[in-house]
Amino acid sequence: MPYDSPVRVRFAPSPTGQLHVGNARTALFNWLLARGSGGTFVLRIEDTDVARSTRESEAAIIEDLEWLGLTWDEGVERGGDRGPYRQSERLHIYRAHAVELLSRGLAYRCFCPPEQLEMDRYHALKDRRPPKYIGRCREISPEDARRRAESGEPAAIRFRIPDNRDVTFNDLVRGEVTFNTDVLGDPVIVRSEGVPAYNYAVVIDDALMEITHVVRGEDHISNTPRQILLYEAFGWKPPTFAHVSMVLGPDHSLLSKRHGATSVAEFRARGYLPEALTNYLALIGWSPGEGQEIVPIDELARRFRLEDVGHSAGVFDVEKLGWVNRHYVKHATPDRLLELALPHLRRAGYAEAPTPEAVSYLATVIPLVTASVDRLDQIPARLGFLFDYSAERALSDSAVRAEAQASRPVISALAEVLASGEPLHDRDAFRTAVARVRERTGAKGKTLLHPIRLALMGEPEGLELDLAVPAITRGAALGAAGIRPISSPAERAAALDRVLGALASDEAVPSPE
RNA sequence: GUCCCCAUCGUCCAGAGGCCUAGGACGCGGCCCUUUCAAGGCUGAAACCAGGGUUCGAAUCCCUGUGGGGACGCCA
C-alpha cells in the first residue's frame, strides 16, 4: 500500500502573477494524488512577498484552478479547521515559533544590511565561492543582539544550520537524496520587517496543516534540507517529499513567456478546453500506461501514482496539446461548443449581439468546422466564408484569379442559375443548381466545382460545398440578426461575375505598365 | 564556482537483466478518401549520450566522462 494514512497534500501558490502551466501541473499532480487516494487537497496562499503579492493575482489563480476543475477541500475561500490559509494572516504563528527558536539558540538576529549582503554575494561569485551567507552575525551574543534590536536596529532572524552534517531524505520520485549542510548557509526565516521568509513559513504551515506529502517542483529540492532541519528543530516529523521535474520550452530552458503562452489564463483565452489542458499536463513526466493518451481527469486520478512520475524534465509540446484539445473539442456537446465559441465570434465582429434565431443558426454552423480546429479561437477564421465574403478578395491571388478568369463562363452561368432559381437550402438544391450549370457550360469535375467554390465561398479551399452552401443560404435568410449580414449565394455569384467582367474590360485596354 | 537532479526517436512516454531486429503517441513523409484545405484511415522514416566495468547475457546494475537542468536571495 503506497499511502498508509490518509493523504493530505497542498498546492501553495504565491499570488504574484498568473497561474503558470508548470505550477498548474504541480497542482494537478497534488489533486490527482488526493482524489485517487481519498485524501485531502489543501489550497494555501503564500503571500509573504508583500511587494509582489496581490489580491488580483490570488483571485486569478483561484479562477484558473476552478476552471481546470482542480477543486480543493480545504483552504482559502473554503475554510477548514487548520486555517487561516493565507500566510499574511498567520503572522502571529510564525512570530511565536521564531521566538521559540531564538530563545533556544537555534536562530539568531542578523543585522547585516541588504547592501552588505549584496556585496558579499558579488564577491563570492567573483571568487568562485558558493554565494551563501558567511555568518557574520552568527556569534553576536544574544544579549547584545537583543539590545541592538530593542534599540531599533533592523534585524532579520536567521536559522542556524549545523556544520558538516549530511541531511538525507527519501524523495518519492527520486529516491534517496543527500545534502551536506556545509553547502547551506543560514537562511533568513523572518525578515527585518517581521514577515516570514518562504523556507520558514512553508515548514510551519505544512507541519501545522498536517500535510503528509509535499509534492512540488524540482526547483525546491535544494530547499528541502533546510526545511528538514527546521522540522527537526521543532521536533516535528517531516512530510514525505516528492519533487517533480520541471516543464521546459522547446529550447530546453524553463518554460517562460518568451516561449509564448505559459499561463492557464492564456490557454483558456485561446480556446483550449480545461479537460484538454489537464489531460495533456498529466502526460508530461507521467504515463497512464497501455499506450493511452486521451484519459479524462477522473481516470487519471484512478491511475496516478507518484512513484511512476518520470525523473527528467519535459518539454511542453503545443502541437500535442493541440491534438489533445481537438479530441475534446470534437467530443464536446453542441451546446457547450456554442457557448464557448460565441465569445470568439463576438471578438471577431461576426456576432455582436445575436438574436435567438441567430444563436440557433450559429449552433448549427459551429460544429461544421470544429473537426478542423485545434483551438476555439480558430473558429471565426474557419467561419470567415460566411461573414467575410468579398469577391475582390477572392481574386487577390494571381493564380486563383487566372483560373477564375478562365472559368468565367461557369461563374456567369452560376450567377444566372442562382438569380432565377430556388434558394439553396439544402444539399440537393445545391446539387441541382450545379447540375444546371454543368448542362449550360459542359464543365465538370474540377473545372466546374473550383469556380463554384470560389464564387460562393470566396476561398479556393475550406469546408465541403455541400455543407457550406446550405449554411450560407440559411445565414443569408437571417438578415441582420445581431450578426454580421451574410450575403446569399446568388449575390455572391453575381458579385464575382461582375468583378470578373470589370477585369476583362480593363485588360482589353493595354495597361500602362 | 560549489552542491543537487537528470540522460531511450525532433517532442512526450513504454521499457524495472534475457520477451528489444527497442513499443506507443504528437509531429514529419507517403498513400487512400475527396471538387479544395482540413479531419479521418493506412503506411514509412526516426532513439537506447560516450567510455569503462559487473554478468553467460545490459537500454535496463555500477563507475567515470560529457551534456542538460535546478539551487546557492530579507523571491517563492
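Here is the naming used below: chain letters follow the sequence lines, and residue numbers restart at 1 for every chain.
A:W323 has its CH2 atom 10 Å from the C1' atom of B:rG24, to the nearest Å. Rounded to a whole Å, the CZ atom of A:R86 is 17 Å from the P atom of B:rA76.
Under the Watson-Crick or G-U wobble criterion, with both distances below 3.5 Å, B:rA14 is left unpaired in every strand shown. If you check B:rG27 for Watson-Crick or wobble pairing at under 3.5 angstrom, you find it has no partner at all. As the counterpart of B:rA38, no nucleotide is assigned, since no Watson-Crick or G-U wobble pattern has both distances under 3.5 Å. Checking B:rC20 for Watson-Crick or G-U wobble geometry (two distances, each under 3.5 Å) identifies no partner in any strand. A 3.5 Å limit on both hydrogen-bonding distances identifies B:rU2 as the Watson-Crick or G-U partner of B:rA71.
Mapping A:K330 and A:V50 onto RNA chain B by nearest heavy atom places A:K330 at the nucleotide closer to the 5' end.
Contact of A:R129 with B:rU2 (side chain to base): no donor-acceptor pair of N or O atoms is detected under 3.5 Å. For a distance-only test at 3.5 Å, the side chain of A:S192 qualifies as a donor-acceptor partner of the base of B:rC74.
A:T16 comes within 4.0 angstrom of no nucleic acid atom, judged by non-hydrogen atoms across all strands. Using a 4.0 Å heavy-atom cutoff across all strands shown, A:L448 reaches no nucleic acid atom at all. Across all strands, A:G314 comes closer than 4.0 Å only to sugar-phosphate atoms, never to a base (heavy-atom distances). Note on A:E464: a base of the nucleic acid sits closer than 4.0 angstrom, heavy atoms only. The residue A:H220 sits close to a base: some heavy atom pair falls under 4.0 Å. Among the protein residues, A:L463 comes within range of the nucleic acid bases, having at least one heavy atom under 4.0 Å from a base atom. Using a 4.0 Å heavy-atom criterion, one finds that A:T447 contacts no nucleic acid atom at all. Residue contacts shown for A:N223 include a base, since a base heavy atom lies under 4.0 Å away. Across all strands shown, A:G285 has heavy atoms under 4.0 Å from sugar-phosphate atoms exclusively, and none from any base. Across all strands, A:I157 comes closer than 4.0 Å to no nucleic acid atom at all (heavy-atom distances).
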